Amino acid sequence: MRIIIAEDDVLLADGLARALRQSGYIVDWVKDGRQADGWLAGQNYDLAILDLGLPGLEGSEILQRLRSRKQRLPVLVLSAREGLEDRVRLLDLGADDYLVKPVALSELEARIRALIRRGRAVPEPELVLGKLVLDTNGKRAWLGDTSLDLSAREWAALEYLATRANRIVSKEQIMETLYSWDDEITPNAVEKFISRLRVKLEPADVVIRTVRGLGYYLEKPGDRG
Ligand code: CA
């Protein structure tokens with residue numbers, strides 16, 4: 001799950017980005033409105049958090065452009081203004097939710113979870129792969145009663161592969177899922193991730209196959225013959 005935060009309040013954005021990353025989301029943070037518009041046009045996000053008062057381009061304009069491109073990702077707007085008219089206008093422009101500053105991180109996170117649940121790209125709350133159970137809300141993988149120790153990115157890669165079990169995904173797709181703007185991912189890094197994941201998945205008897213020149217797929221445990 002990949003989230004973009006467009007917010008020029010450094011303190012708020014930093015706290016929010018940190019909390020979301022800890023919860024296992026891939027987060028891109030941008031302070032400038034024009035840049036936010038460019039990133040949204042060029043990347044696939046699962047959710048956008050938009051501040052209204054942004055340098056470069058207003059949040060409402062970003063939202064308008066996003067919807068006119070027919071991008072349907074859920075958008076949560078943050079605003080310092082509390083007018084009813086503002087709120088109605090934003091919802092009409094296609095915002096899915098609206099929070100007035102100052103916001104409590106816990107409330108913001110709860111709203112984000114709700115929006116992601118409602119959104120299209122939501123995986124099943126529980127994915128069962130043989131002995132392995134993925135709790136996609138809690139972002140944890142369980143082997144019986146034991147939770148697997150996975151980094152946020154290992155989790156993201158595993159979730160991506162597991163929701164597409166038996167389908168080949170390319171290295172580039174995995175890179176795009178794991179990439180965040182302040183931290184580059186190389187094809188080499190993906191290979192390392194996958195091999196680390198393989199080791200961690202071994203006790204669960206879940207296998208990630210390499211298809212030379214094409215990518216990887218996670219083999220559904222029941223389908224092995
Ligand atoms: Ca602002």
Side-chain angles (χ1 to χ4, degrees), residues 1-122 137 139 151-153 155-156 175-185:
M1 285 279 161
R2 187 175 181 133
I3 298 179
I4 182 170
I5 304 175
E7 169 61 81
D8 61 330
D9 177 337
V10 175
L11 212 62
L12 172 63
D14 188 52
L16 180 58
R18 226 179 274 227
L20 290 174
R21 283 183 184 131
Q22 251 165 31
S23 304
Y25 299 105
I26 305 290
V27 178
D28 293 333
W29 167 25
V30 57
K31 293 176 207 141
D32 178 85
R34 275 192 197 285
Q35 215 171 2
D37 183 51
W39 288 9
L40 276 160
Q43 282 287 324
N44 281 323
Y45 288 102
D46 299 292
L47 180 97
I49 300 169
L50 276 186
D51 177 31
L52 282 190
L54 283 173
L57 197 64
E58 283 270 309
S60 54
E61 178 64 30
I62 298 173
L63 178 59
Q64 216 160 358
R65 292 185 183 193
L66 182 74
R67 293 312 186 206
S68 69
R69 286 193 299 265
K70 309 278 179 232
Q71 289 181 277
R72 295 207 185 96
L73 69 156
V75 175
L76 188 146
V77 168
L78 301 178
S79 171
R81 305 163 206 161
E82 204 174 353
L84 176 66
E85 266 171 54
D86 276 336
R87 207 171 328 178
V88 171
R89 192 172 63 91
L90 282 166
L91 295 173
D92 281 347
L93 282 180
D96 297 275
D97 203 354
Y98 185 101
L99 268 180
V100 175
K101 292 180 189 176
V103 296
L105 271 187
S106 55
E107 184 185 6
L108 190 49
E109 279 192 85
R111 302 261 195 128
I112 289 168
R113 278 197 298 273
L115 281 179
I116 287 177
R117 267 200 302 275
R118 280 197 332 230
R120 296 160 304 128
V122 190
N137 287 327
K139 306 212 169 291
S151 71
R153 281 191 164 154
W155 163 265
M175 276 162 66
E176 191 173 308
T177 309
L178 302 183
Y179 178 92
S180 69
W181 294 90
D182 46 5
D183 192 7
E184 202 141 338
I185 291 235

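Quick caveat, the model's predicted, so the values are computed rather than measured. What you see below is based on every heavy atom in this structure, not just the backbone, and it leaves out hydrogens, waters and symmetry mates. First listed ligand is number 1; within each ligand, the first listed atom is number 1.
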When rounded to the nearest 0.5 angstrom, what is the spacing between OH in Y98 and CG in L52? 6.0 Å
Can you find a heavy atom in the side chain of K31 that is under 4.5 Å from one in the side chain of V10? yes
Counting only N and O atoms by type, is there a donor-acceptor contact under 3.5 Å from the side chain of W29 to the main-chain atoms of D14? no
Ionic contact status for D96 with R67, cut-off 4.0 Å: yes
Distance col, row L90:CG vs D97:CG, nearest 0.5 angstrom, shows 11.0 Å
The single option from I49, L11, D9 passing side chain to side chain contact (heavy atoms under 4.5 Å, CB included) against L16: I49
Can you list, by chain and residue number, the protein N, O or S atoms under 3.0 Å from the Ca ion (ligand 1)? D8 OD1, D51 OD2, G53 O
